[in-house]
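These notes concern the structure reproduced below.
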Amino acid sequence: MSADSTSTYLSAAECTEIDHEISHAPTPAAVAIDALKIVQAHRGWVSDDSLTALAEYLGMSAAELDGIATFYSLIYRKPVGEQVISLCDSVTCWIKGYDRLQAHISGRLGVGLGETTADNKYTFLPAPCLGACDRAPVMMLGDDLHQDLDEKKLDQILQSGSFNKGGEV
Amino acid sequence: MSDRPLTININAARDATDINGYEATGGYQALRKVLAQMSPADCLTAVKDSGLRGRGGAGFPTGMKWSFVPMDNVSPGHKYLICNADEMEPGTFKDRLLLECDPHQLIEGMIISAYTIQADVAYIFIRHEYHLAIKLLKQAIADCHARGYLGDNIQGSGFNLQMYVHSSAGRYICGEETALISSLEGKRANPRAKPPFPQVSGLWGRPTIVNNVETLCNIPHILKHGGEWFQNLGIGADAGTKLFGVSGRVKNPGCWELPMGTPIRELIEEHAGGMQDGYQLKGFLPGGASTDFLVPEHLDLAMDYDVIGKAGSRLGTGTMIILDDQTCPVGMVKNLIDFFAQESCGFCTPCRDGLPWSGQVLGDIDSGNGIPADLKTLQQQVKFIGAIGNTHCALAPGAMEPLQSALKYFADDFQQHIDGKACPYCDTPAVAMEA
């Protein structure tokens, strides 16, 4: 990671990836969403400084880019922990015990939805339907989907500590 | 030739099929045939004759959609084909199966479809969370370039096609085709007014077709075996097979490729194994969150577009969500409305402000704080928000579908909440999440 969240410039690696997207787009601004995801993959989230640097790189105003960044739920404009827990709260998972699992995770980690644990390990977020309703209830931990959840399985997942960091573009 | 063409390469373990495995079962033969023997007009005729209707939820005839793309070369420039792989309709888990298990089937379908409308650029717009599918699709595209199925002068035909994977950054509204186009242009995913339709003025103002994953996966089989064969796969009025799914408190939730027109009863009782012990069927959403509830009296209906339409609902995505007798219908509808309220793009007032209002009223009723007038308020919201034309796109009218049918079929449940000033299901886990 060559650029952190306070960098007011884009790293060479970020620029290379963004340039690759721009190479098959009609204008630099057209890749705004891809570019936000690239910056987030490198820095974990998109700070004001990161946003300003990226807007300048794409030739657009920071306000316009922020309007795009804040529209999309998977662009994080606040810091997140090392892993994001995305617990599905849509209809089938709700029928099959979402509220119980939500309470269990909150109790175990000491955080509510939208919060990050004190040790910065987990951020706990609700997710819209994850497209695995035949195995409900489900959640994602980073890039990994976990299905047929119950309290026991949650404990195993949170104890194991093995994970993929989120943010693949 | 299989009578389950979409899933010939899909096994119970859901292993991914690579390009060798795909070619071993006849993959890319349809593309070779098309490029060697058929004109774009021939392909369009074949798809029209097949009776294929869009599998993303709306059921629009695919051939007719394609026929609106200008085929003269008066206006030089790109034409685009976009695959909508933004599967986010709650209760829907069918495209994931096709993407993760047989990515080449989709890509072959896209190449043939692009050839038919003479598009030279194709995008797969896929939701961020489908990491495995994104990885497999990128590999599949690279393999296609290596074997001459993508790029310039495909199989010596003179046809050129570039294909890109765009992974999204969330938001259900991206599944609406004009919102998807806005998002692909790097903007907020606000839907656009129609007309002009995307077929004439879509991505970057150029002719664009947006089709669902499952729709495109049918294309190689139609071109290979013909429209009549495809028509005969259906056992009712509609053509082809469909991935149908059942989720909720059934013994064996899952997704199966079955003939169009398969009876609902067969889906729930045979394939899904019936209700879990101790639970009774109270109702179901036949095709995702934005379809009207149906009830046990509809069990013998065929899963066909028009049959389900006449019963007052929609086939939608064909993946049904079961409401059991121990889950609160008011709580379930509140969950659905809250989803749509959260996912509103905010562009038009009835949706942005109306859906949260519906959620608030439902929340009051669900928590025992409802008053009799609340039912009238909900009916008015259904009338005004649910009417097509009162909102900028179909999101809010879709949100009203489960609400209006719940008010009809589960009126007693709403009344009990209000009269008893409490949720009668409050001992069940489902109800604990209110407020």
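Lettering follows sequence order; numbering is per chain, from 1.
Only the backbone of Glu89(B) comes within contact range of chain A, with heavy atoms under 4.5 Å apart. Heavy atoms of Ile173(B) lying under 4.5 Å from chain A belong exclusively to its side chain. With a threshold of 4.5 angstrom between heavy atoms, Cys345(B) approaches chain A through its backbone and through its side chain. Contact of Glu100(B) with chain A is not made at all, since no heavy-atom distance falls under 4.5 Å. With a threshold of 4.5 angstrom between heavy atoms, Tyr172(B) does not approach chain A through any atom at all. With a 4.5 angstrom heavy-atom cutoff, Leu132(B) does not touch chain A via any of its atoms. Contact of Ser183(B) with chain A is made through backbone and side chain together, with heavy-atom distances under 4.5 Å. The contact between Arg96(B) and chain A is made entirely by side chain atoms (from C-beta outward), counting heavy-atom distances below 4.5 Å. Contact of Ala189(B) with chain A is made through backbone and side chain together, with heavy-atom distances under 4.5 Å.
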>> Set out, in order, the CA-CA distance, both residues' side-chain angles and the distance that settles side chain to side chain contact (heavy atoms under 4.5 Å, CB included) for Met140(A) and Glu129(B), then state yes or no.
In response: CA-CA 8 Å; Met140(A) 291 187 78; Glu129(B) 293 89 341; 3.6 Å; yes
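For the ring pair (Phe, Tyr, Trp, His ring centres under 6.0 Å) test, residues two or more places apart in sequence or in another chain that qualify with Phe293(B) are Phe410(B).
Counted within 6.0 Å of NE2 on His24(A), heavy atoms from surrounding residues, nucleotides or ligands total more than 12; the atom is thus considered enclosed. More than 12 non-hydrogen atoms from other residues, nucleotides or ligands lie less than 6.0 angstrom from OH of Tyr164(B).
Residue Pro90(B) is tested with Cys133(A), Cys129(A), Cys88(A) for a side-chain contact (heavy atoms from CB on, under 4.5 Å); the sole match is Cys129(A).
Between chain B and the options Ile68(A), Leu145(A), Val91(A), heavy-atom pairs under 4.5 Å are most frequent for Val91(A). The candidate from Ser73(A), Ala32(A), Ser86(A), Ala69(A) with the greatest count of non-hydrogen atom pairs under 4.5 Å with chain B is Ser73(A). Most heavy-atom pairs under 4.5 Å with chain B: of the set Ala136(A), Ala29(A), Gly67(A), this distinction falls to Gly67(A).
Contacts of residues 101-114 of chain A with chain B at a heavy-atom distance below 4.5 Å are absent; not one residue qualifies.
In this structure, Lys135(B) NZ and Asp143(A) CG are separated by 10.5 Å, a value rounded to the nearest 0.5 Å.
Applying the salt bridge (Lys or Arg N to Asp or Glu O under 4.0 Å) test to every pair with at least one member in residues 49-65 of chain A, sequence neighbours left out, gives no pairs at all. Residue pairs meeting the salt bridge (Lys or Arg N to Asp or Glu O under 4.0 Å) criterion with at least one partner in residues 321-330 of chain B, sequence neighbours excluded, are Arg249(B)-Asp324(B).
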